[in-house]
Trainee: 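There's a structure below that I have some questions on.
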Number of protein chains: 2
Amino acid sequence: MKHTVQYFKALADETRLRIMALLLTSGELCVCDLTATLQLPQSTVSRHLSYLKNAGWVNDRREGVWIYYTVAAGNNMKRHLADVLKERLPELTSVADDIKRLASLADGARCA
Amino acid sequence: MKHTVQYFKALADETRLRIMALLLTSGELCVCDLTATLQLPQSTVSRHLSYLKNAGWVNDRREGVWIYYTVAAGNNMKRHLADVLKERLPELTSVADDIKRLASLADGARCA
DNA sequence: TTGACACATTCGTCTATCCGGATATATTCT
DNA sequence: AGAATATATCCGGATAGACGAATGTGTCAA
């Protein structure tokens, strides 16, 4: 039960919902891509990623200087929630804007 | 988006998840049924019901002295989330215990 | 080894929310 | 009106979490 509450706490924040939407849509993103897309300070993005990781929503993987985040596989409850998020979050205008903004970043040169 | 965040904030608490599970399972319950089932102070239960109502998760209906709460109908996002909750929350032991405890209350004399 | 870059963490501050006893309100019955 | 019951709200105190600038850490290349 504690874990379940933690899942929802992790989703109870606008920035973290935007991050989840981007990861669910794009599969895998590094912190600089997320920072550029969300247009927020890097420390803010990193802090929220840390929260999502502790809650079990995402995994990270280092590749050289970059750290890539993905949505973690999970139990029934989490998988079903992720399905709902993936389907419904893009209906929100701010999420749709994020997805467009991410797509418009130059592919090779996303990270300054 | 603000509303969506509010939906999740409302679910980011153990007591409120337990309440949602009971309402999703039983359809309609008055505050005294919930208080007896959850074994929490009445003011605590009432406060959480108020939070759920403000977030748009539940509706209330007065019938004499009692106030009955039900899960509110909602948009796509909310309906899908409610479906997941209804299906998955009873898998948690504390929720299953609540459901049993509610069932064991004498039908006619639930409210002291 | 020095510099540059990506990322994480620390820090002080501020706001939201939790708790539960006490109290207020609404309704019904006599 | 007055008492009893169900529910809501108030209160003070405690904790969690958000923010962003500054600083720390890890990696690579020259």
Side-chain angles (χ1 to χ4, degrees), chain A residues 1-3 5-20 22-23 28-55 57-70 105-106 108-112, chain B residues 1-3 5-20 22-23 28-55 57-70 105-106 108-112:
Chain A
M1 171 56 120
K2 295 282 161 49
H3 289 244
V5 172
Q6 200 54 34
Y7 297 159
F8 284 105
K9 279 192 179 167
L11 301 179
D13 176 272
E14 170 162 356
T15 301
R16 290 195 292 268
L17 279 185
R18 292 171 69 197
I19 290 174
M20 286 298 291
L22 287 169
L23 292 179
E28 191 176 47
L29 292 170
C30 64
V31 181
C32 51
D33 288 336
L34 287 167
T35 302
T37 303
L38 298 170
Q39 301 179 307
L40 289 172
Q42 179 262 326
S43 71
T44 296
V45 175
S46 186
R47 178 164 31 81
H48 284 296
L49 284 168
S50 191
Y51 197 117
L52 285 170
K53 184 176 163 189
N54 284 337
W57 274 113
V58 302
N59 291 325
D60 59 347
R61 167 180 77 84
R62 181 180 278 277
E63 186 172 321
V65 180
W66 299 278
I67 297 188
Y68 286 91
Y69 282 84
T70 50
L105 297 178
R110 282 193 205 159
C111 297
Chain B
M1 170 58 119
K2 295 282 161 51
H3 289 246
V5 172
Q6 201 53 33
Y7 298 159
F8 284 106
K9 279 192 179 167
L11 300 179
D13 177 272
E14 170 162 355
T15 301
R16 291 196 291 269
L17 279 185
R18 291 170 69 195
I19 290 174
M20 286 297 292
L22 288 169
L23 292 179
E28 190 176 47
L29 292 170
C30 65
V31 181
C32 50
D33 288 336
L34 287 167
T35 302
T37 304
L38 298 170
Q39 301 179 306
L40 289 172
Q42 178 262 326
S43 70
T44 296
V45 175
S46 186
R47 178 165 30 84
H48 284 296
L49 284 168
S50 192
Y51 197 118
L52 286 170
K53 185 177 162 189
N54 285 335
W57 273 113
V58 302
N59 291 325
D60 60 347
R61 168 179 77 85
R62 180 181 278 276
E63 188 171 322
V65 180
W66 299 278
I67 298 189
Y68 286 90
Y69 282 84
T70 51
L105 298 178
R110 282 193 204 159
C111 298

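Naming convention: chains lettered A, B, ... in sequence-line order (proteins, then strands); numbering from 1 in each chain. What you are looking at is a predicted structure, and each value in this text was computed from that prediction instead of being measured.
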Trainee: What nucleotide, of C:dT9, D:dA8, C:dC7, holds the atom closest to the side chain of A:Ser50?
Mentor: C:dT9

Trainee: Over how many whole Å does the gap from B:Lys53 atom NZ to D:dT7 atom C1' extend?
Mentor: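 Nearest whole value for this atom pair: 11 Å.
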
Trainee: Could you list the residues that satisfy ring-ring contact (aromatic ring centres under 6.0 Å, His included) with B:Tyr51, not counting sequence neighbours?
Mentor: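 So B:Tyr51 forms no ring-ring contact (aromatic ring centres under 6.0 Å, His included) with any residue.
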
Trainee: If the condition is ring-ring contact (aromatic ring centres under 6.0 Å, His included), which residues does B:Tyr69 pass it with, not counting sequence neighbours?
Mentor: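 With neighbours one apart ignored, the set is empty.
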
Trainee: When all nucleic acid strands are considered with a 4.0 Å heavy-atom cut-off, which category describes A:Thr35: base, sugar-phosphate, or nothing?
Mentor: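 Since no nucleic acid heavy atom lies under 4.0 Å of A:Thr35, the category is nothing.
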
Trainee: Looking only at the side chain of A:Thr44 (C-beta and beyond, no hydrogens), which of the listed nucleotides D:dG20, C:dC7, D:dT7 gets closest?
Mentor: D:dG20

Trainee: Could a donor-acceptor pair under 3.5 angstrom be found where the side chain of B:Gln42 meets the base of D:dA6?
Mentor: no

Trainee: Verify the contact: side-chain N or O of A:Arg47 to OP1 or OP2 of D:dC19, cut-off strictly under 4.0 Å; return yes or no.
Mentor: yes

Trainee: Ignoring hydrogens and geometry, is there a side-chain-to-backbone donor-acceptor pair from B:Trp66 to B:Val31 under 3.5 Å?
Mentor: no

Trainee: Quick one: does A:Leu49's side chain get under 4.5 Å of A:Ser46's, heavy atoms only?
Mentor: no

Trainee: May I have the distance from B:Trp66 (atom CH2) to D:dA6 (atom C1'), rounded to whole angstrom?
Mentor: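 Rounded to whole Å, this separation is 9 Å.
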
Trainee: In Å and rounded to the nearest 0.5 Å, what is the CD to CZ distance from B:Gln42 to B:Arg47?
Mentor: 10.5 Å

Trainee: Could you grab the distance from atom CG of B:Leu34 to atom OG1 of B:Thr15, nearest 0.5 Å is fine?
Mentor: 11.0 Å

Trainee: Want to settle it: does B:Val31 or A:Ala12 sit nearer the 5' end of DNA chain D, counting the closest nucleotide to each?
Mentor: B:Val31

Trainee: Side-chain contact test, heavy atoms from C-beta onward, threshold under 4.5 Å: evaluate it for B:Leu17 versus B:Leu11 and give yes or no.
Mentor: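 They are in side-chain contact.
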
Trainee: Which part of the nucleic acid does B:Tyr69 contact within heavy-atom distance under 4.0 Å: base, sugar-phosphate only, or nothing?
Mentor: sugar-phosphate

Trainee: May I have the distance from B:Arg61 (atom CZ) to C:dT27 (atom C1'), rounded to whole angstrom?
Mentor: 15 Å

Trainee: Using the 3.5 Å cut-off, write out each protein N or O paired with an N or O of nucleotides 14-17 of chain C and the distance between them.
Mentor:
residue	atom	partner	partner atom	Å
C:dT17	OP1	B:Tyr51	OH	3.1

Trainee: Taking side chain to side chain donor-acceptor pair (under 3.5 Å) as the test, write out the residues that go with A:Arg62, two or more places apart.
Mentor: none

Trainee: With respect to the side chain of A:Thr15, which nucleotide from D:dT7, C:dT9, D:dC19 is positioned closest?
Mentor: D:dC19

Trainee: From B:Leu52 CG over to B:Leu23 CG, what is the distance, rounded to the nearest 0.5 angstrom?
Mentor: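 One gets 8.0 Å once the value is rounded to the nearest 0.5 Å.
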
Trainee: Identify the pairs formed between an N or O of the protein and an N or O of nucleotides 12-14 of chain D at a distance under 3.5 Å, and give each distance.
Mentor:
none

Trainee: Measure CG/B:Leu52 against C1'/D:dA8 and give the value in whole Å, please.
Mentor: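 After rounding, the reported distance stands at 15 Å.
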
Trainee: Take nucleotides 24-30 of chain D nucleotide by nucleotide from the 5' end and write B, S or -, depending on whether a protein heavy atom sits under 4.0 Å from the base, only from the sugar-phosphate, or from neither.
Mentor: --SSS--

Trainee: Let me confirm one number: the CG-CD distance from A:Leu38 to A:Glu14, rounded to the nearest 0.5 Å.
Mentor: 10.0 Å

Trainee: Do A:Arg18 and A:Leu40 come close enough that some side-chain heavy atom pair is under 4.5 Å?
Mentor: yes

Trainee: Please tell me which of A:Leu40 and B:Ser43 maps to the more 5' nucleotide of DNA chain D, matching each residue to the nucleotide holding its nearest heavy atom.
Mentor: B:Ser43

Trainee: Specify the separation, in whole Å, of atom OH of B:Tyr68 and atom C1' of D:dA8.
Mentor: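 Those two atoms, OH and C1', are 18 Å apart.
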
Trainee: With the side chain of B:His48 defined as its heavy atoms from C-beta on, choose the nearest nucleotide among C:dA8, C:dC18, D:dA21.
Mentor: C:dC18

Trainee: Using whole Å, report how far NZ of B:Lys2 lies from C1' of D:dA18.
Mentor: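 Going from B:Lys2 (NZ) to D:dA18 (C1'), I get 14 Å.
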
Trainee: Please find the pair of heavy atoms, one from B:Trp57 and one from B:Ala10, that lie closest to each other, and give the distance.
Mentor: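 Minimum heavy-atom separation between B:Trp57 and B:Ala10: CD1-CB, 3.6 Å.
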
Trainee: How many Å lie between CG on A:Asn54 and P on D:dG17, as a whole number?
Mentor: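 Taking CG of A:Asn54 and P of D:dG17, I get 11 Å after rounding.
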
Trainee: Look up atom CG in B:Asp60 and atom SG in B:Cys30, then write down how far apart they are to the nearest 0.5 Å.
Mentor: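 The SG atom of B:Cys30 is 12.5 Å from CG of B:Asp60, to the nearest 0.5 Å.
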
Trainee: For B:Asp60 and C:dA26, what is the distance between atoms CG and C1' respectively, to the nearest whole Å?
Mentor: 13 Å

